[in-house]
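For the numbers below, each heavy atom of this structure counts, side chains included, while hydrogens, waters and symmetry mates do not. All ligand and atom numbering here is 1-based and tracks the order in the structure.
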Amino acid sequence: MWTILIKDLSEFVGKEVTLKGWLYNERSSGKVKFLILRDGTGLLQCVYFKGNVSEEVFELASRLGQESSIEVTGKVKVEPRAPGGYELDATGLKVISESHDYPITPKEHGVEFLMDHRHLWLRSSKQVAILRIRHRIVKAIRDYFDGKGFTLMDPPIITPAACEGTSTLFETDYFDLGKAYLTQSGQLYAEAGAMALGKVYTFGPTFRAEKSKTRRHLTEFWMVEPEVAFAELNDDMDLAEDFLEYIVQTVLKDKAEELKVLERDTTKLQNVKKPLPRISYDEAVEILKKNGIEFEWGNDLGGTDETVVSNQFDKPVMVHRYPAEVKAFYMKRDPNNPKLALAVDVLAPEGYGEIIGGSQREDDFDLLLSRIKEHNLPQEAFEWYLDLRRYGSVPHSGFGLGLERTVAWICGLDHVRETIPFARMIYRNTP
Ligand code: NSS
């Protein structure tokens with residue numbers, strides 16, 4: 001007799017096995033009791049016939065509450081109608097810990113209730129599928145960059161200054177050194193890394209004190225940021241499209257089961273192959289105007305604008321060369337039109353909006369210094385960053401991909417709150 005996992009049942013057909021897990025659901029029909037066991041790897045219907053098991057076992061099977069932790073024993077049978085395709089002709093049942101009045105029942109609950117019980121909600125099949133896909137995406141991201149000669153470099157989380165604008169900084173007191181801030185992006189440190197190692201990527205939590213209460217905003221989210229020395233904007237876009245194709249195609253191949261649990265229609269995801277369309281900001285503005293949207297040149301694209309633009313394409317679209325005014329201080333200006341920044345945003349289809357933001361960086365010392373001043377940033381805190389332009393400056397570029405927005409898009413979820421185990425948002429910092 002073995003203790004095995006539900007995912008491995010196919011190897012044990014006809015054999016007597018023991019499994020450990022939790023009672024996911026149950027139903028009865030007269031002399032038969034069906035217990036649905038979950039063990040984190042799948043679901044298994046365990047069938048207890050009154051005549052085949054001791055009275056004690058049958059009574060226990062009838063009494064246990066949802067999410068009781070249990071050990072079941074029985075013979076594995078093929079049963080195409082059962083979830084997962086197997087069934088346990090059960091004989092034994094032991095309780096590890098009884099559970100009663102589990103707050104999340106198979107009926108519908110409101111999303112705030114579920115978010116309040118996120119620590120338990122994680123156990124449901126859909127949430128398990130999302131977490132598995134998130135894990136696969138994280139691994140695909142690492143595999144991609146590791147396989148292309150990038151070195152993973154971990155930037156600090158406590159930082160002395162803003163990277164992406166001062167309006168979304170989380171501030172904290174830092175001993176005798178005054179204020180410190182939670183990082184908004186590892187980019188500035190990745191730039192130092194690229195000058196040391198050539199190609200690097202950072203991958204970790206980043207923070208934005210976003211006042212936005214939208215389905216795309218978290219205050220704590222994960223971002224992967226490649227940075228490449230001697231790369232210009234076009235190289236950056238080549239990298240972004242190759243990278244996105246790899247991630248999406250890998251998930252489609254390896255996580256088909258989970259996508260099925262989420263009832264994700266994957267037709268549009270199949271399209272995510274290079275080349276991706278590239279349009280300029282000016283062209284995006286034209287598209288907006290043609291679609292009757294009132295949009296003033298010079299503004300950043302809002303959520304609805306992004307949706308209108310991306311709806312014109314059946315793949316993610318790269319929008320490049322934004323007005324410099326609405327972009328970060330470190331972006332290089334377009335030599336052909338200094339009003340524009342050599343920036344690129346990648347907009348996902350199906351209304352998911354911006355998943356990647358990137359740019360070629362300003363590599364000229366004087367220009368960078370004047371940008372720091374224009375943005376009223378404290379020069380002292382950026383002296384180390386200016387050093388990168390003092391000592392062997394080179395053209396370089398990179399981008400940041402938001403993990404949660406990517407998970408939401410690939411899983412087809414309508415809000416990023418379900419893409420991270422414990423979401424942090426403007427109105428939520430628990431559990
Ligand atoms: O602000 S970004 O557009 N760009 C940067 O932070 C650059 N420093 C990246 C770089 O070039 N190395 O953010 C990048 C991505 C963006 O496209 C979103 O996918 C995600 O990070 N992002 C967010 N996800 C969830 N919630 C919030 N608040 C959020 N902000 C950005």
Side-chain angles (χ1 to χ4, degrees), residues 134 137 141 145 150 153 155 159 161-170 181-194 199-229 231-233 235-237 239-240 243-244 247 300-301 303 306 310 316-320 322 326-332 341-348 352-362 385 396-410 413 415-420 423-428:
R134 177 183 168 106
I137 293 173
I141 288 171
F145 289 120
F150 284 72
M153 200 185 95
T159 57
C163 173
E164 295 297 326
T166 47
S167 63
T168 61
L169 273 179
F170 275 112
Y181 309 94
L182 297 185
T183 190
Q184 296 168 310
S185 153
Q187 179 197 320
L188 307 188
Y189 297 95
E191 289 183 52
K199 294 198 275 188
V200 297
Y201 68 104
T202 66
F203 194 3
T206 49
F207 305 85
R208 305 272 167 104
E210 296 271 10
K211 303 259 157 51
S212 340
K213 188 178 181 261
T214 79
R215 59 200 199 89
R216 300 168 182 183
H217 286 93
L218 294 166
T219 53
E220 175 178 332
F221 63 99
W222 279 61
M223 184 159 42
V224 57
E225 298 180 83
E227 190 71 31
V228 184
E232 302 189 347
L233 182 63
D235 306 313
D236 209 30
M237 293 198 269
L239 181 66
F243 171 61
L244 271 187
I247 295 178
D300 205 353
L301 301 182
E306 288 178 354
S310 65
V317 53
M318 308 207 221
V319 183
H320 55 81
Y322 281 72
V326 296
K327 290 291 180 186
F329 77 96
Y330 53 72
M331 292 187 183
K332 193 175 177 64
L342 292 176
V344 58
D345 282 357
V346 182
L347 313 181
Y352 283 94
E354 184 201 322
I355 47 168
I356 285 183
S359 67
Q360 184 168 338
R361 322 306 189 186
E362 183 50 75
Y385 185 63
H396 61 289
S397 303
F399 61 77
L401 168 109
L403 178 63
E404 289 73 20
R405 288 190 190 174
T406 307
V407 176
W409 165 46
I410 293 180
L413 307 174
H415 199 294
V416 285
R417 67 187 154 219
E418 285 181 57
T419 64
I420 185 163
R424 296 292 175 255
M425 294 173 289
I426 180 165
Y427 296 118
R428 176 172 297 279

Give, for atom [atom1] of [X] and atom [atom2] of [Y], the distance between the pair rounded to the nearest 0.5 Å.
{"X": "Q184", "Y": "S167", "atom1": "CD", "atom2": "OG", "result": "8.0 Å"}
{"X": "L188", "Y": "E164", "atom1": "CG", "atom2": "CD", "result": "8.0 Å"}
{"X": "E354", "Y": "D300", "atom1": "CD", "atom2": "CG", "result": "7.5 Å"}
{"X": "Y189", "Y": "M153", "atom1": "OH", "atom2": "CE", "result": "9.5 Å"}
{"X": "F150", "Y": "I141", "atom1": "CZ", "atom2": "CD1", "result": "13.0 Å"}

Starting from [atom], find the nearest protein heavy-atom neighbour and note its residue, name and distance.
{"atom": "atom 19 (O) of ligand 1", "value": "I355 O, 2.9 Å"}
{"atom": "atom 18 (C) of ligand 1", "value": "R405 NH1, 3.5 Å"}
{"atom": "atom 12 (N) of ligand 1", "value": "E225 OE1, 2.7 Å"}
{"atom": "atom 25 (C) of ligand 1", "value": "R216 O, 3.4 Å"}
{"atom": "atom 31 (C) of ligand 1", "value": "F221 CZ, 3.5 Å"}
{"atom": "atom 14 (C) of ligand 1", "value": "M223 SD, 3.4 Å"}

Do any nitrogen or oxygen atoms of [X] come within less than 3.5 Å of a nitrogen or oxygen of ligand 1?
{"X": "C163", "result": "no"}
{"X": "E164", "result": "yes"}
{"X": "G402", "result": "yes"}
{"X": "S359", "result": "no"}

Point to revise | Criterion side chain to side chain donor-acceptor pair (under 3.5 Å) against H396, the qualifying member of K332, E191, R361, E232 | key: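 So the option named by the test is E191.
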For [X], counting its heavy atoms only, list the atoms of ligand 1 lying under 4.0 Å from any of them.
{"X": "I356", "result": "17 (O)"}
{"X": "S185", "result": "6 (O), 8 (N)"}
{"X": "R361", "result": "10 (C), 11 (O), 12 (N)"}
{"X": "E210", "result": "28 (N), 30 (N)"}
{"X": "G357", "result": "3 (O), 9 (C), 10 (C), 11 (O), 17 (O)"}
{"X": "Y330", "result": "7 (C), 8 (N)"}

Review point. So which bit of E354 gets within less than 4.0 Å of ligand 1, heavy atoms only: side chain, backbone, both or neither?
Key: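 Both backbone and side chain.
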Exercise for review: Just go through M331, K327, R208 and tell me whose heavy atom is the nearest to atom 6 (O) of ligand 1.
Suggested key: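 It is R208 that holds the nearest heavy atom.
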**Study point:** Selected option - heavy-atom contact closest to atom 26 (N) of ligand 1, from L218, L188, D236
**Key:**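 Looking at heavy atoms only, the winner is L218.
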Review point. Is it true that a side-chain atom of Y201 and a backbone atom of A190 form a donor plus acceptor pair closer than 3.5 Å?
Key: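 The answer is no, because no donor-acceptor pair under 3.5 Å joins these two groups.
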Practice item. Check whether any side-chain N or O of R134 sits under 3.5 Å from a backbone N or O of V407 as a donor-acceptor pair, and report yes or no. Key: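 Not a single qualifying donor-acceptor pair exists.
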Review point. Passes salt bridge (charged side-chain N to carboxylate O under 4.0 Å, His left out), K327 versus D345? Steps please.
Key: CA-CA 11 Å; K327 290 291 180 186; D345 282 357; 3.1 Å; yes
Exercise for review: Report yes or no: is the cationic atom of R424 (NZ for Lys, CZ for Arg) under 6.0 Å from the centre of the six-membered ring of F221, at an angle within 45° of the ring normal?
Suggested key: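 No cation-pi geometry.
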Point to revise | Aromatic contact, F399 with F243 (centres under 6.0 Å) | key: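 Yes, close enough.
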Check your understanding: Can you tell me if E404 has a non-hydrogen atom under 4.0 Å from ligand 1?
Key ->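 No; E404 lies far enough from ligand 1 that no heavy-atom distance drops under 4.0 Å.
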**Study point:** Sole candidate of L347, I356, V346 that passes side-chain contact (heavy atoms from CB on, under 4.5 Å) when paired with P316
**Key:**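 The side-chain contact (heavy atoms from CB on, under 4.5 Å) with P316 is passed solely by V346 among L347, I356, V346.
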